[in-house]
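Report on one structure; see the data block that follows.
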Amino acid sequence: MEINNWYTELTYDEWVPVTVSGARPGARYKHAAAVVDEKLYIAGGSRNGRHLSDVQVFDLRSLTWSSLKLKAKVGKEDGNSSQEFLPATSGHNMIRWGEKLLLLGGSSRDSSAELTVQYIDIETCQFGVIKTSGNVPVARVGQSATLVGSRVILFGGEDMNRKLLNDVHVLDLESMTWEMIETIQTPPSPRYDHAASIQGERYLLVFGGCSHSVFFNDLHLLDMQTMEWSQPQTQGDLVSPRAGHAGVTIDENWFIVGGGDNRNGCPETLVLDMSKLVWSVLTVVKQKDPLSSEGLSVCSATVDGEKYLLAFGGYNGRYSNEVFVMRPKEKDIVRPKIFQSPAAAAAAASVTSAYALSKSEKLDFMQLDDMNYNSSVNGHPKDDVTNKIEAIKEEKRILELSIAEVRAENSKLGGEIEEINNTHAELSKELQSVHGQLVAERSRCFNLEAKIAELQKLLESMQSVEDEVQALREKNSALDQEMELVATAQRQTPGGVWRWFGGRET
């Protein structure tokens with residue numbers, strides 16, 4: 001494979017290890033990664049319980065690694081400018097913002113009570129801490145940070161006291177101001193080491209992760225306009241619970257790689273069609289493959305106009321420092337079907353109808369006023385304009401009917417949800433009753449086992465008595481035989497028994 005165009009020879013939808021020229025960086029997991037201008041940047045991570053502080057750069061053209069030599073920004077209150085390494089950090093996020101890489105959160109020796117935002121300037125190789133304001137989140141690890149326009153959506157994680165979190169914070173990158181978001185409906189349970197993505201610049205998707213004892217395979221959705229959580233219905237392949245996985249989005253496809261449950265790694269690469277909420281398994285690697293690891297990173301890179309997936313690092317019993325690349329095959333572009341679940345579909349229809357109605361109302365009150373003052377509009381007779389007005393009004397009436405139907409459907413779905421909740425409550429009561437019966441049966445079984453043990457002991461004692469009776473019977477039989485012999489001898493001897501007592505005659 002030629003170095004200059006090695007990517008053009010890749011098979012679609014298959015992971016391929018990259019043959020690297022020269023030295024590799026140290027193996028690691030729970031690092032942060034980002035791609036800028038055909039270069040993969042890796043920062044920090046952990047290995048053998050030790051946090052790392054280096055920044056490594058992989059050139060996709062030359063297939064070589066190099067270390068990024070950093071300089072701390074010198075200011076009035078800055079520290080030693082000779083420092084060439086970031087503070088050793090693990091479990092953080094990295095986001096590209098202009099010519100800077102922003103590092104959010106993570107665990108380090110110098111962790112403060114509040115979440116820290118650091119930066120790396122790619123052009124000047126300077127790094128430092130960005131001062132943020134507002135409602136700054138507590139320091140944490142294993143959180144997700146998703147870029148939406150000029151905002152970063154932060155969700156969940158685990159604080160320095162190992163408290164699990166499910167809060168939502170937004171960082172405005174223009175003003176570097178934090179805001180805590182108050183959400184409605186049921187949020188995801190507190191978790192860390194999950195994955196998050198954005199769909200349509202509006203919906204935040206959260207998948208998987210774990211608590212201190214449970215691993216999740218659920219998918220949650222946060223509408224960033226209404227700040228309402230929901231758990232939409234998905235279709236397609238079943239997905240196993242996992243944490244420590246990595247995700248990256250290309251168009252409407254969300255690729256999920258690796259992860260595990262502390263016993264086994266997840267060898268399958270999943271794809272979620274975010275426009276239809278359909279899961280599918282793209283490819284499967286071997287169980288002990290580096291791609292079946294926790295704490296790996298996955299990024300997308302564009303080379304010569306084509307997008308590729310890049311995976312690095314991870315831990316599945318051993319730490320990895322290999323680079324893998326995938327060339328995803330472009331899917332057929334179809335008109336997005338926002339959500340498959342009835343509730344989500346109704347919500348989407350409601351939003352669409354309301355938007356269309358809003359446009360038609362604006363047309364009525366803005367454009368039509370001008371039409372009334374002119375006998376002609378754009379050269380068309382007033383009668384034509386009147387006909388168009390009537391057509392628009394009819395369209396408005398149809399849209400109002402559509403909204404009424406959607407509301408009726410929402411009401412129907414609400415009733416079905418209430419019925420399901422009632423059924424769930426009844427099943428819970430029945431389960432409790434069955435549980436009580438099982439406890440009673442278990443107690444009865446214990447009593448029966450005790451009685452059986454007593455009977456077994458009694459049977460053993462009866463067997464010994466029977467053995468003694470049998471021995472006595474045998475002794476009695478022997479005595480009877482002996483007495484019979486004696487009696488027979490007496491009958492055969494003259495003088496009978498008296499002679500026997502008196503002694504034999506000479």
Side-chain angles (χ1 to χ4, degrees), residues 30-36 41 43-44 73 86-87 89-108 110-122 126-160 163-184 187-188 190-207 209 220-229 246-249 297 299:
K30 292 191 175 182
H31 51 278
V35 170
V36 181
Y41 289 80
K73 183 179 179 181
L86 286 167
T89 308
S90 175
H92 51 300
N93 309 107
M94 185 158 67
I95 291 176
R96 179 187 180 181
W97 178 243
E99 294 303 318
K100 290 184 174 62
L101 297 175
L102 304 183
L103 285 74
L104 294 89
S107 172
S108 67
D110 302 325
S111 293
S112 62
E114 296 182 339
L115 187 139
T116 302
V117 179
Q118 302 178 86
Y119 74 91
I120 299 173
D121 190 310
I122 301 173
Q126 289 184 339
F127 75 93
V129 176
I130 297 178
K131 184 177 181 180
T132 58
S133 59
N135 195 346
V136 182
V138 298
R140 62 190 69 196
V141 298
Q143 68 284 339
S144 61
T146 309
L147 182 64
V148 185
S150 62
R151 300 183 300 166
V152 175
I153 313 300
L154 191 81
F155 171 76
E158 181 186 44
D159 69 11
M160 298 302 104
K163 178 185 176 182
L164 296 173
L165 307 168
N166 64 347
D167 50 351
V168 180
H169 295 262
V170 175
L171 174 62
D172 187 328
L173 298 179
E174 300 287 353
S175 62
M176 285 299 167
T177 303
W178 284 102
E179 178 185 1
M180 184 175 181
I181 302 301
E182 296 293 336
T183 61
I184 59 176
R191 64 190 64 199
Y192 69 108
D193 283 355
H194 51 277
S197 183
I198 197 74
Q199 197 273 340
E201 298 292 313
R202 173 172 177 178
Y203 300 100
L204 179 72
L205 300 176
V206 175
F207 168 67
H220 295 264
L221 182 149
L222 177 63
D223 188 329
M224 297 302 297
Q225 290 187 9
T226 64
M227 293 304 167
E228 180 177 1
W229 282 108
V248 64
T249 300
S297 62
C299 300

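Just so it is clear, the model here is predicted, and its values are computed rather than measured. All heavy atoms count here, side chains included; hydrogens, waters and symmetry mates do not.
For A145, the side chain to side chain contact (heavy atoms under 4.5 Å, CB included) test picks out N93, I95, V152, L154, with sequence neighbours left out. The ring pair (Phe, Tyr, Trp, His ring centres under 6.0 Å) test applied to H92 returns no partner, not counting sequence neighbours. For V248, the side chain to side chain contact (heavy atoms under 4.5 Å, CB included) test picks out F255, V298, S300, L309, with sequence neighbours left out. Not a single side chain to side chain donor-acceptor pair (under 3.5 Å) links T146 to another residue, sequence neighbours left out.
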Side-chain donor-acceptor distances from residues 96-106 under 3.5 Å, at least two apart:
residue : atom : partner : partner atom : Å
R96     : NE   : G98     : O            : 3.1

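By the 4.5 Å heavy-atom criterion applied to side chains, I153 and I198 are not counted as neighbours. Proximity of N166 to W229: side-chain heavy atoms (C-beta onward) are nowhere separated by under 4.5 Å. In this structure, the side chains of M227 and V168 stay at 4.5 Å or more apart for every pair of heavy atoms. Contact check for P188 versus F207: no side-chain heavy atoms found under the 4.5 Å cut-off. Under the 4.5 Å side-chain criterion, counting only non-hydrogen atoms from C-beta, I181 is not in contact with F155.
Taken from CD in E201 to OH in Y203, the straight-line distance is 12.5 Å, to the nearest 0.5 Å. Atom-to-atom distance recorded for Q143:CD and L115:CG is 6.0 Å, nearest 0.5 angstrom. For the atom pair CG (L205) and CD (Q199), the distance works out to 6.5 Å, reported to the nearest 0.5 Å. If you take CD on E179 and CG on L171, they are separated by 11.0 Å, rounding to the nearest 0.5 Å.
When all heavy atoms are compared, the tightest approach of A139 to S112 is CB-O, 3.2 Å. When all heavy atoms are compared, the tightest approach of M94 to A43 is SD-CB, 4.1 Å. When all heavy atoms are compared, the tightest approach of L147 to G149 is CD1-O, 3.6 Å. Residues G134 and T177 share a closest heavy-atom pair of CA-CG2, 4.1 Å. Here the closest heavy-atom approach between residue Q118 and residue P87 is recorded as OE1-CD, 3.4 Å.
Counting only distance, with no hydrogens or angles, the side chain of D223 and the backbone of E228 share no donor-acceptor pair below 3.5 Å.
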| message | With side chain to side chain contact (heavy atoms under 4.5 Å, CB included) as the criterion, how do V148 and M224 come out once you've worked through the C-alpha distance, each side chain's angles and the decisive distance to 0.1 Å? | response | CA-CA 10 Å; V148 185; M224 297 302 297; 5.9 Å; no
| request: Decide side chain to side chain contact (heavy atoms under 4.5 Å, CB included) for M160 and V141; before the verdict, give the C-alpha distance in whole Å, the side-chain angles of both, and the deciding distance to 0.1 Å. | output: CA-CA 8 Å; M160 298 302 104; V141 298; 3.8 Å; yes
| task | Tell me, with the steps shown, if H194 and H220 meet side chain to side chain contact (heavy atoms under 4.5 Å, CB included). | result | CA-CA 11 Å; H194 51 277; H220 295 264; over 6 Å; no
| request: Tell me, with the steps shown, if Y41 and I120 meet side chain to side chain contact (heavy atoms under 4.5 Å, CB included). | output: CA-CA 11 Å; Y41 289 80; I120 299 173; over 6 Å; no
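Among residues at least two apart or in separate chains, salt bridge (charged side-chain N to carboxylate O under 4.0 Å, His left out) pairs with a member in residues 131-159 are R140-D167, E158-R162.
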